[in-house]
Colleague: 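I am attaching a structure below and will ask some questions about it afterwards.
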Amino acid sequence: MEAFQLLSRGGARFDKKRFQKDVSLFSKEPAKSRPIERLVDGELPGELDYFKYAAGGSGKRKADSEGVAKALKKRKVEEEEEDQDMEEDEEETEADDTPSRPRQRVVAKGSNIPSHTDTFQELVERYQMSSLLLSNLTTYGYTQPTGIQSYGIPILLESRDLAAISPTGTGKTLSYLLPIMSSLGAPSSSANSDAGSGVRAVVVAPTRELAHQIHNECLKLAQGRKWRIVLFSKATAGTLADKATRDKVDIIISTPLRLVASLRSGGLELNNVRHLILDEADRMLDSEFFPQVEEILAACSHPNLQKAVFSATLPAGAEKMAMQMLKDPIRVVVGLKDTPLPLISQSLTYVADDPSKLPSLLTYLAQPYNPPVLIFTSSQPRATSLAQELVLNGVSNVDCLHAGMTKKEREDAVSRMRKGESWVMVSTEVMARGMDFKGIREVINYDFPTSVQSYVHRIGRTGRAGREGKAVTYFTDDDAPFLKAIANVLLQSGSTVPEWILKLPKPSKLKRRQMGKVKRAEIVNPARKVGRSDAIKKRDMVAGSKRRVVRETSKSDTNITAE
DNA sequence: AAAAAAC
């Protein structure tokens with residue numbers, strides 16, 4: 001492993017000049033005002049109207065396309081009905097982010113919704129936010145609140161519970177950190193603190209790396225104040241066993257299991273916690289994490305506990321759980337739920353089978369590309385071996401990161417990434433959520449994501465804070481059953497999908513057949529055949545012009561955005 | 001639906 005890392009750092013093949021030339025060649029200036037096509041109700045932008053392709057096709061294909069059209073329509077209708085359902089207050093506006101960013105629809109739903117704010121300054125007058133916080137915001141370049149910030153911050157400052165759904169890279173972290181720090185007032189170490197003793201705010205996130213990143217953000221905001229903000233880890237758990245020390249802690253940022261371990265050992269009390277935040281809420285509420293979250297919830301016994309959940313994705317089941325957990329919550333949705341940012345240009349690339357992936361990737365990396373590139377694989381061993389393969393094939397500055405590595409290895413990998421030393425980072429789902437590497441221009445899904453949520457979060461590592469991004473997803477014949485779901489995500493966020501994908505049998509049908517509701521021998525094979533023959537046709541086409549698939553899907557999406 | 005992540 002060490003040898004591998006040395007190799008990957010390898011200076012020998014490192015040709016910086018050539019590399020820089022390549023980069024400048026390919027890094028086009030980000031369009032200042034990107035043309036945005038709005039979705040008008042009941043109407044699709046021409047580029048999205050792929051149904052027209054189906055017109056001359058077979059009945060089957062047409063039916064499928066109509067199915068998709070219906071699904072899209074249905075979703076719209078649902079959203080509208082949802083809006084109409086509300087007897088309580090509702091606010092809907094176009095939140096204007098910084099001029100360079102696309103406007104995104106913000107829908108706030110709930111009782112007595114506090115009005116949003118267009119500036120951070122306003123918070124000083126309205127909520128007596130300290131001017132120190134304001135100046136820290138300015139120092140770190142937060143000039144104007146994003147959609148989720150302008151709505152979420154007042155809600156949290158008015159002590160309301162909140163479920164916030166906002167796309168990747170739109171500033172969710174600040175949306176909860178700022179109100180927490182503002183309403184905590186004086187650090188509990190100060191003499192005139194009347195806040196009682198013990199930890200007063202807890203932020204829970206699913207990975208160490210993310211917790212670490214949130215901690216860093218928190219420290220920035222806290223500059224100039226004697227807050228005690230603790231990133232929970234093995235080391236800090238020891239010190240916190242001392243009650244006197246523990247009582248001076250203001251904010252804890254932790255992964256759930258770490259927190260639960262401390263609760264169980266009796267080394268930690270959360271009975272004075274006033275603010276509890278679940279970041280990446282859908283992940284925190286899934287079957288693996290939820291029992292731990294429940295334990296944390298139970299330990300937060302203060303009657304004035306404020307709870308809030310944040311995520312870019314919140315499937316119906318998770319949302320229900322969240323809403324049950326929250327008290328008289330306000331639900332804020334920015335953009336369209338479970339949909340990536342339109343700034344990310346997405347494409348699907350067919351690679352017949354697993355062995356064909358590596359050559360495709362190598363071909364891709366042999367050409368000028370925009371580093372750093374983040375590559376996702378489906379397992380830790382696959383991440384490791386892919387990274388090794390890339391190094392063996394002469395790719396420079398390859399790095400690897402997964403949860404099987406030691407804490408130190410992980411930290412080092414992240415810091416190399418932050419410093420821009422990694423050009424190619426191979427990783428697993430650990431990196432899928434929340435991580436904010438500003439420079440990432442491209443995400444490659446080497447292994448197909450296992451859910452729509454995973455896809456949305458993975459590609460959300462690029463296109464952050466108003467920048468453009470690119471996401472390529474490899475798929476094989478085996479991925480066919482899940483291809484359509486992802487293809488719909490592309491469509492909804494304004495990227496185009498090769499028309500032939502729509503000919504694939506519906507996932508439900510495939511699955512039903514695989515489950516053997518009908519005789520296997522009869523059904524499974526024909527089902528496979530349908531998928532295969534399409535795939536083979538496509539393969540032939542690809543063989544004829546290797547890059548066409550990529551071209552096809554990515555060319556036209558440069559100018560299309562949708563909400 | 002399924003792997004990865006949490007200690």
Colleague: Checking side chain to side chain donor-acceptor pair (under 3.5 Å) for the pair A:H402/A:S427: CA distance, chi angles, key distance, verdict?
Modeller: CA-CA 6 Å; A:H402 58 68; A:S427 186; over 6 Å; no

Colleague: Using the closest heavy atom to pick a nucleotide of DNA chain B for each, name whichever of A:S287 or A:Q292 lands nearer the 5' end.
Modeller: A:S287

Colleague: For DNA chain B, what residues of residues 276-286 of chain A have any heavy atom nearer than 4.0 Å?
Modeller: A:R283

Colleague: Who pairs with A:R382 by salt bridge (Lys or Arg N to Asp or Glu O under 4.0 Å), at least two apart in sequence or on another chain?
Modeller: A:D354, A:D447

Colleague: Find the distance A:Y446:OH to B:dA4:P and express it as a whole number of Å.
Modeller: 16 Å

Colleague: With a 3.5 Å distance limit and no angle check, can you tell me whether A:N272 reaches the backbone of A:V199 through a side-chain donor-acceptor pair?
Modeller: no

Colleague: Side chain of A:S451 only, please: which of B:dA5, B:dC7, B:dA1 is the nearest?
Modeller: B:dA1

Colleague: Between A:E429 and A:R458, does at least one N-O distance fall below 4.0 Å, as a salt bridge requires?
Modeller: yes

Colleague: The criterion is side-chain hydrogen bond (donor to acceptor under 3.5 Å, both in side chains); which residues satisfy it with A:Q380, sequence neighbours excluded?
Modeller: none

Colleague: Suppose we screen for ring pair (Phe, Tyr, Trp, His ring centres under 6.0 Å). Which residues come up paired with A:F310, at least two apart in sequence or across chains?
Modeller: A:Y176

Colleague: Got a sec, which residues hit side-chain hydrogen bond (donor to acceptor under 3.5 Å, both in side chains) with A:R464, two or more places apart in sequence or on another chain?
Modeller: A:D436

Colleague: Mind checking side-chain hydrogen bond (donor to acceptor under 3.5 Å, both in side chains) for A:R283 and listing every partner two or more places apart, or none if nothing turns up?
Modeller: A:D286

Colleague: Have a look at A:A403 and say if it touches a base, only the backbone sugar-phosphate, or nothing, with a 4.0 Å heavy-atom cut-off.
Modeller: sugar-phosphate

Colleague: A:R264 has an atom CZ; how far is it from atom C1' of B:dC7, in whole Å?
Modeller: 10 Å

Colleague: Calculate the interatomic distance between A:L263 atom CG and B:dC7 atom C1'; express it in whole Å.
Modeller: 13 Å

Colleague: Among all residues two or more places apart in sequence or in another chain, which pass the ring pair (Phe, Tyr, Trp, His ring centres under 6.0 Å) test with A:F376?
Modeller: none

Colleague: So, is A:T450 close to the B:dA4 phosphate, meaning a side-chain N or O under 4.0 Å from OP1 or OP2?
Modeller: no

Colleague: Using atom CD of A:E429 as one end and atom P of B:dA5 as the other, report the distance to the nearest whole Å.
Modeller: 8 Å

Colleague: Just the rounded figure in Å: distance from P of B:dA2 to OH of A:Y455.
Modeller: 22 Å

Colleague: Does A:Q380 make a side-chain donor-acceptor contact with the base of B:dA4, cut-off 3.5 Å?
Modeller: no

Colleague: Strictly below 4.0 Å, heavy-atom distances to any atom of DNA chain B: list the hits from residues 203-212 of chain A, or just say none.
Modeller: A:P206, A:T207, A:R208

Colleague: For A:S166, check side-chain hydrogen bond (donor to acceptor under 3.5 Å, both in side chains) against everything at least two apart and list the hits.
Modeller: A:T170

Colleague: Select base, sugar-phosphate, or nothing to describe what A:R410 touches, counting heavy atoms under 4.0 Å on all strands.
Modeller: sugar-phosphate

Colleague: Contact class for A:S454 (heavy atom, under 4.0 Å): base, sugar-phosphate, or nothing?
Modeller: nothing

Colleague: May I have the distance from A:D479 (atom CG) to B:dA1 (atom P), rounded to whole angstrom?
Modeller: 15 Å

Colleague: How many Å lie between CG on A:D447 and P on B:dA3, as a whole number?
Modeller: 12 Å

Colleague: In whole angstrom, what separates A:L483's CG from B:dA1's P?
Modeller: 16 Å

